[in-house]
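Right, one structure below, let's go through it.
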Number of protein chains: 2
Amino acid sequence: MMMEKYRNLHIKLTPQRLAILSYLNGNTSHPSAEDIYKAVQGQFPTMSFATVYNTLEALKNKGSVQELKIDHAKKRYDPDSTIHHHLICNKCKNIIDIHKDFNLSLPDEMTEGFDVLGNSIEFYGICSKCNK
Amino acid sequence: MMMEKYRNLHIKLTPQRLAILSYLNGNTSHPSAEDIYKAVQGQFPTMSFATVYNTLEALKNKGSVQELKIDHAKKRYDPDSTIHHHLICNKCKNIIDIHKDFNLSLPDEMTEGFDVLGNSIEFYGICSKCNK
DNA sequence: CGATTTGACAAGAATCATTCTTGAATGATA
DNA sequence: TATCATTCAAGAATGATTCTTGTCAAATCG
């Protein structure tokens with residue numbers, strides 16, 4: 001079931017990588033490398049940070065994980081490869097997904113000859129927890 | 001003329017800060033701290049990086065400079081405080097401004113109780129130079 | 001005027017996420 | 001089994017940013 005999906009990545013599936021993949025699968029928490037490292041620590045106490053980064057790099061290249069530039073302090077990763085946007089809490093940096101299609105087109109005279117390939121919208125606000 | 005504008009910031013205007021302000025004024029190149037440092041080096045060879053960062057911090061607090069999260073490698077700064085968006089070259093990281101108003105509203109059932117305050121759109125593409 | 005406080009400065013050390021390097025281990029192939 | 005490529009762990013290296021310290025100049029106040 002899930003293995004099928006993983007095999008289609010055409011990367012070598014080691015136990016460490018499977019643990020990372022399984023943590024990421026369906027995960028909407030937009031974890032940082034550290035979050036992932038901690039989550040997999042239980043199963044592989046000897047695993048190093050390098051393995052997390054290497055695996056994320058491999059997944060990025062396959063397009064199955066996206067690197068979010070939302071937080072300057074640390075990179076956040078998103079396993080949802082469908083087109084969507086994000087709503088970020090200014091205080092706690094919590095990120096939720098916005099699955100809505102906005103049809104954003106740019107008039108040619110604004111693009112200075114760029115070949116425009118896509119877009120991403122960040123909504124900012126304060127989440128309900130921080131708003132109390 | 002310009003001094004008026006600077007004085008309204010209500011921060012102490014030292015020669016170093018004036019040099020930074022004058023470099024930033026009307027600048028649409030979205031410079032990094034290093035770019036700014038290099039640009040002001042000519043006038044103040046003894047200036048340190050800390051002064052650049054301190055000044056940017058002060059300007060950020062006054063809302064007259066925005067920190068862009070577009071580039072993971074280094075922060076980029078934008079002195080244009082009007083509402084606008086960005087078009088970024090995936091290859092050379094060149095950033096141009098998009099002054100266009102998109103009316104983006106989110107249905108309540110998507111916001112999970114967030115108080116939505118604003119948004120920012122990043123368009124991605126390849127600039128004409130990199131496309132040759 | 002002096003004295004004192006405030007904030008800015010330069011220099012360099014400290015931090016910390018990320019990347020790189022190395023050598024060992026593993027897996028695939030034939 | 002021999003070969004070759006890939007992955008792994010461990011820790012060193014990197015580099016942008018932040019922090020610390022002592023110095024200095026401008027502003028305030030008696």
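Here is how names work: the chains are called A, B, and so on, in the same order as the sequence lines, proteins then strands, and each is numbered from 1.
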For this session: Measure from NZ or CZ of B/K100 to the centre of the six-membered ring of B/F102, then state whether that distance is under 6.0 Å and the direction lies within 45° of the axis.
Result: yes

For this session: Give a yes/no on whether any side-chain N or O of A/S48 is located under 4.0 angstrom from OP1 or OP2 of D/dC8.
Result: no

Exercise. Side-chain N or O of A/Y53 less than 4.0 angstrom from OP1 or OP2 on C/dT18?
Worked result: yes

For this session: May I ask you to verify if any side-chain N or O of B/Q16 is less than 4.0 angstrom from the OP1 or OP2 atom of C/dC9?
Result: yes

Problem set entry | Length of the CE-C1' vector between A/M47 and C/dA25, whole Å | 17 Å

Exercise. Is B/R17 near enough to C/dC9 that one of its side-chain N or O atoms lies under 4.0 angstrom from OP1 or OP2?
Worked result: yes

Problem set entry | Atom pair distance, as rounded to whole Å: CG in A/L9 and P in D/dT7 | 12 Å

Exercise. Between B/K75 and D/dT18, is there a side-chain N or O to OP1/OP2 distance below 4.0 Å?
Worked result: yes

For this session: Scan A/E34 against the nucleic acid and name what it touches under 4.0 Å (heavy atoms): base, sugar-phosphate only, or nothing.
Result: nothing

Problem set entry | Spacing of B/K12 atom NZ relative to D/dC24 atom C1', expressed in whole Å | 10 Å

Exercise. Would you say D/dT7 has OP1 or OP2 under 4.0 Å from some side-chain N or O of A/T51?
Worked result: no

Exercise. Is A/E57 paired with A/K60 through a side-chain N to carboxylate O contact shorter than 4.0 Å?
Worked result: yes

Problem set entry | Flag for B/N119-A/H85: side-chain donor and acceptor within less than 3.5 Å | no

Problem set entry | A/E57 CD - C/dT21 P separation (whole Å) | 14 Å

Problem set entry | N/O (side chain, A/T14) to phosphate O (OP1/OP2, D/dC8) under 4.0 Å | yes

Exercise. Which of these nucleotides, D/dT17, C/dC9, D/dA9, is closest to any side-chain atom of A/A50?
Worked result: D/dA9

Exercise. How many Å lie between CG on A/D71 and P on C/dC16, as a whole number?
Worked result: 15 Å

Problem set entry | Atom pair distance, as rounded to whole Å: CZ in B/F44 and C1' in C/dA8 | 13 Å

Seminar exercise, completed: To the nearest angstrom, the CG-P distance between B/N61 and C/dA8 comes to 11 Å

Problem set entry | Interatomic distance, B/K74 NZ vs C/dT18 P [rounded to whole Å] | 17 Å

Exercise. So do the side chains of A/F123 and B/S120 get within less than 4.5 Å of each other, counting heavy atoms only?
Worked result: no

Problem set entry | Main-chain N/O of B/A50 paired with B/N54 side-chain donor or acceptor, under 3.5 Å | yes

